[in-house]
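Below you'll find the structure, written out as structure tokens, and then a few comments.
We number each residue from 1, following the sequence as shown.
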Amino acid sequence: MDDFAFLHGSWNVANRRLTTPLSGAGAGTWEEFPGRSVIQPLFGGAGNIDEITFPTLGRQGVTLRLYDRETRQWSIHWSDSRTGRLDPPVIGGFTGDRGDFHGEDTYHGRPIRVHFTWYRLGPDTARWAQEFSGDGGGTWELNWIMDLTRAGSADA
């Protein structure tokens, strides 16, 4: 249940994101931008809330992670200051230091599948990656990577 305890605290985040996912244009163009994330535990470790600021983009995001004690899986919910909506969750869990989470959403009105991967790389580093599939999971396109470096103590 404490799978995400490694994230509690403050982080500097190096973002690399594909500007036009699922465009069919081949490799596409990647943009890089900084972020700052503060993650606080909820429910004795059975959840957390993560507020991230993207200073060069002029927006923020919030992630709510909740552990379902019955299914023994995590749900990850995202909201962006541009929309104010809570996106559909991705659901999954960790095996060792890797967490895989899957869900369904829409992208520009098109139904897609979403895959998040979390990597615990040590006490002060982590990586998150996002992939989309526009063909029901037959193929996946990596479109966002966040490399996290701890900015303060895990107790921050």
Side-chain angles (χ1 to χ4, degrees), residues 1-8 11-37 39 46-68 70-150:
M1 159 173 91
D2 60 353
D3 291 323
F4 281 105
F6 74 98
L7 273 181
H8 300 161
W11 298 84
N12 293 315
V13 184
N15 293 272
R16 188 168 182 259
R17 184 178 64 186
L18 192 59
T19 58
T20 54
L22 300 178
S23 66
T29 302
W30 290 81
E31 65 178 339
E32 296 184 6
F33 53 95
R36 170 88 173 164
S37 185
I39 301 156
N48 65 47
I49 192 159
D50 173 353
E51 184 173 9
I52 189 165
T53 301
F54 305 108
T56 60
L57 302 181
R59 65 183 200 238
Q60 300 82 38
V62 170
T63 302
L64 176 63
R65 299 178 188 90
L66 298 170
Y67 182 75
D68 184 318
E70 186 175 314
T71 65
R72 296 178 168 241
Q73 292 191 308
W74 286 90
S75 60
I76 303 176
H77 307 261
W78 167 255
S79 183
D80 186 305
S81 62
R82 292 176 301 168
T83 67
R85 291 187 308 263
L86 197 58
D87 289 349
V90 293
I91 296 171
F94 278 83
T95 301
D97 288 331
R98 177 185 166 128
D100 286 286
F101 306 86
H102 293 87
E104 296 183 6
D105 203 344
T106 58
Y107 184 74
H108 294 297
R110 174 181 174 188
I112 62 167
R113 290 199 179 169
V114 181
H115 176 221
F116 289 1
T117 309
W118 271 103
Y119 301 93
R120 292 186 284 223
L121 302 176
D124 297 323
T125 56
R127 173 175 277 185
W128 171 86
Q130 173 180 271
E131 297 175 298
F132 288 168
S133 174
D135 61 7
T139 60
W140 292 91
E141 179 182 68
L142 178 66
N143 62 61
W144 197 339
I145 299 168
M146 292 183 172
D147 285 313
L148 293 82
T149 306
R150 190 171 300 283

**Request:** State, yes or no, whether a side-chain contact exists between I52 and W78 at a heavy-atom distance under 4.5 Å.
**Result:** yes
**Request:** Ignoring hydrogens and angles, tell me if any N or O in the side chain of D68 forms a donor-acceptor pair with the backbone of T71 under 3.5 Å.
**Result:** yes
**Item:** Check against side-chain contact (heavy atoms from CB on, under 4.5 Å), T29 and T20
**Value:** CA-CA 7 Å; T29 302; T20 54; over 6 Å; no
**Sequence-distant partners of R120, side-chain hydrogen bond (donor to acceptor under 3.5 Å, both in side chains), two or more places apart** = D97
**Asked** Given the rule in the side-chain contact (heavy atoms from CB on, under 4.5 Å) test, do Q73 and Y67 qualify, once you have shown the distances and angles that lead to the verdict?
**Response** CA-CA 6 Å; Q73 292 191 308; Y67 182 75; over 6 Å; no
**Message:** Quick check: do E131 and L142 have side-chain heavy atoms less than 4.5 Å from each other?
**Reply:** yes
**Atom pair CE/CG of M146 and N15 - distance to nearest 0.5 Å** = 4.5 Å
**Request:** Check the pair V114 / F132 against side-chain contact (heavy atoms from CB on, under 4.5 Å), numbers first and verdict last.
**Result:** CA-CA 5 Å; V114 181; F132 288 168; 4.1 Å; yes
**Prompt:** Are any non-hydrogen side-chain atoms of L148 and L7 less than 4.5 angstrom apart?
**Reply:** yes
**Prompt:** Quick check: does any side chain N or O of T125 sit under 3.5 Å from a backbone N or O of T149, one acting as donor and the other as acceptor?
**Reply:** no
**Asked** Are any side-chain N or O atoms of R59 and backbone N or O atoms of D80, one a donor and one an acceptor, separated by less than 3.5 Å?
**Response** no
**Complete:** Closest non-hydrogen contact found for D105 with P88 is OD1-CD, 3.6 Å
**Closest non-hydrogen atom pair, G138 against S133** = N-OG, 3.8 Å
**Asked** Which distance, rounded to the nearest 0.5 Å, do you find between the CD1 of I145 and the CZ of R127?
**Response** 5.5 Å
**Request:** Decide yes or no for P34 and T56: does some side-chain heavy atom of the first lie under 4.5 Å from some side-chain heavy atom of the second?
**Result:** yes
**Fill in**
For S37 and V13, the nearest pair of non-hydrogen atoms, with its separation, is CB-CG2, 4.0 Å
**Complete:** Nearest heavy-atom contact between D3 and F94 is CB-CD1, 3.4 Å
**Complete:** In this structure, CZ of F101 is separated from CD of Q130 (nearest 0.5 Å) by 13.5 Å
**Item:** E104 to R113 - nearest heavy-atom pair and separation
**Value:** OE2-NE, 4.1 Å
**Prompt:** Got a second to check how far W140's CH2 is from D135's CG, nearest 0.5 Å?
**Reply:** 9.0 Å
**Request:** Taking the side chain as every heavy atom from C-beta outward, state whether T63 and H77 have any pair of such atoms under 4.5 Å apart.
**Result:** no
**Item:** Minimum heavy-atom distance between P55 and G35, given as atom pair plus value
**Value:** CD-CA, 4.3 Å
**Message:** As a quick check of understanding, evaluate side-chain contact (heavy atoms from CB on, under 4.5 Å) for W118 and W74, giving each step before the final call.
**Reply:** CA-CA 12 Å; W118 271 103; W74 286 90; over 6 Å; no
**Request:** Could you tell me the separation between the CG atom of D2 and the CG atom of N48, rounded to the nearest 0.5 Å?
**Result:** 11.5 Å
**Asked** Hey, what's the ring geometry for W144 with F54, parallel, tilted or perpendicular (30° and 60° as the breaks)?
**Response** tilted
**Request:** Using side-chain hydrogen bond (donor to acceptor under 3.5 Å, both in side chains) as the criterion, list what pairs up with R17, not counting sequence neighbours.
**Result:** E31
**Prompt:** Under 4.5 Å between any side-chain heavy atoms of P21 and E141, yes or no?
**Reply:** yes
**Message:** Under a 3.5 Å distance rule, please check whether S79 uses its side chain to pair with a backbone N or O of R85 as donor and acceptor.
**Reply:** yes
